[in-house]
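To start, the structure under review is shown below, and the notes come after it.
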Amino acid sequence: MDTITTVLIGISLLFFLLLIIKSIFNIKKICAICLSVSLTWISLLALYYLGIFNDKIIIAILMGHTSLGIFYLWEKKVKKRFLLFRLPYLLTSLILIYYVLNGFSLNSLIFMVALWVLFFIVYLFRTKNSVNKFVNKLIECCKKW
């Protein structure tokens with residue numbers, strides 16, 4: 001059986017197992033899909049570093065799913081004014097995944113620090129009339145149509 005099929009079966013089995021556990025213990029705050037995907041990539045990452053598993057692409061895809069899930073959760077929980085930081089937050093999670101799978105990059109770290117500083121400066125001046133329009137466009141960029 002190929003690797004991707006094995007991973008898909010594993011995630012599916014974990015999903016149903018977690019659904020059963022959730023119903024037995026009446027756990028409502030855990031998403032069975034999110035936890036299944038996260039447990040899978042964490043396990044595969046450990047196996048990768050032990051030299052047992054070698055498909056970084058599958059690990060990266062699953063880590064990306066978790067990263068985006070956390071992004072959506074964060075997006076729902078923060079006050080509207082902090083939605084300005086969507087891009088730096090999302091790109092930070094991307095480079096963290098890259099660092100875990102492919103090693104550190106000083107250039108990307110410098111870029112991310114500069115991007116966070118830039119967005120923080122915009123945030124500090126968000127109430128100024130000329131900056132406010134720009135901030136509103138940044139916040140509304142991902143508005144559900």
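For the numbers below, each heavy atom of this structure counts, side chains included, while hydrogens, waters and symmetry mates do not. Residue numbers start at 1 and run along the sequence shown.
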Q | Backbone of L39 reached by a side-chain donor or acceptor of S43 within 3.5 Å | A | yes
Q) If we only count heavy atoms from C-beta on, is the L44 to I58 side-chain gap below 4.5 Å? A) yes
**Q.** Heavy-atom side-chain proximity of I95 to L91 below 4.5 angstrom
**A.** no
Q: Indicate the atoms forming the closest heavy-atom contact of K28 with K22, along with that distance.
A: O-NZ, 4.2 Å
Q: Answer yes or no: is there a side-chain heavy-atom contact under 4.5 Å between S67 and I97?
A: yes
Q.
Can you tell me how the ring of Y89 sits relative to the ring of W74, calling it parallel under 30°, perpendicular over 60° and tilted otherwise?
A. parallel
Q.
What I'd like to find out is whether the side chain of V7 reaches to under 4.5 Å of the side chain of L62, using heavy atoms alone.
A. yes
Q: Rounded to the nearest 0.5 Å, what's the gap from CG on L19 to CG on L14? Could you check?
A: 11.0 Å
Q.
Could you measure the distance from the OG atom of S93 to the CZ atom of F71? Nearest 0.5 Å is fine.
A. 8.5 Å
Q. Is I57 atom CD1 crowded by more than 12 heavy atoms from other residues, nucleotides or ligands, each under 6.0 Å away?
A. no
Q: Mark yes when over 12 heavy atoms from residues, nucleotides or ligands other than I33 sit less than 6.0 Å from its CD1; otherwise mark no.
A: no
Q: To the nearest 0.5 Å, tell me how far T127 OG1 sits from R81 CZ.
A: 11.5 Å
(Q) Can you confirm whether L115 sits close enough to F119 that some side-chain heavy atom of one is under 4.5 Å from a side-chain heavy atom of the other? (A) yes
Q) Do the ring centers of Y48 and F53 come within less than 6.0 Å of each other? A) no
Q: Establish whether I139 and L124 are linked, either directly or via other cluster members, by ILVMFWY side-chain heavy-atom contacts under 4.5 Å.
A: yes
**Q.** OH/Y49: more than 12 non-hydrogen atoms of other groups inside 6.0 Å
**A.** yes
Q. Is there side-chain contact between T92 and W116, with heavy atoms separated by less than 4.5 Å?
A. yes
Q. Distance from E75 atom CD to L68 atom CG, nearest 0.5 Å?
A. 9.0 Å
(Q) Could you report the tightest heavy-atom contact between W41 and T66, atom names first, then the distance? (A) NE1-OG1, 2.8 Å
**Q.** Rounded distance (nearest 0.5 Å) linking atom CG of L96 with atom CG of L101
**A.** 11.0 Å
Q: Find out whether the Lys NZ or Arg CZ of R126 is both under 6.0 angstrom from the six-membered ring centre of Y123 and within 45° of the ring's axis.
A: yes
Q. With a 4.5 Å limit on heavy-atom distance, are the side chains of L18 and S36 in contact?
A. yes
Q: Would you kindly confirm whether I20 and I11 end up in one hydrophobic cluster when ILVMFWY residues are joined by side chain heavy atoms under 4.5 Å apart?
A: no
Q: For residues R86 and C141, report the shortest heavy-atom separation together with the two atoms involved.
A: NH1-SG, 4.3 Å
Q | Distance-minimising heavy-atom pair for Y99 and L109 | A | OH-N, 3.2 Å
Q) Which value, rounded to the nearest 0.5 Å, describes the distance between L90 atom CG and F85 atom CZ? A) 15.0 Å
Q.
Within the 4.5 Å heavy-atom criterion, are K56 and N102 side-chain neighbours or not?
A. yes
Q | Path from L118 to L83 over hydrophobic side-chain contacts below 4.5 Å | A | no
Q.
So, using salt bridge (charged side-chain N to carboxylate O under 4.0 Å, His left out) as the criterion, who are the partners of K80 when residues are at least two apart?
A. E140
Q. Do the side chains of I30 and I70 join up, straight or via other hydrophobic residues, at under 4.5 Å, putting them in one cluster?
A. no
Q | Same apolar cluster: I59 and F104, side chain cutoff 4.5 Å | A | no
Q: Would you indicate whether N54, at its atom CG, is surrounded by more than 12 heavy atoms from other residues, nucleotides or ligands within a distance under 6.0 Å?
A: no
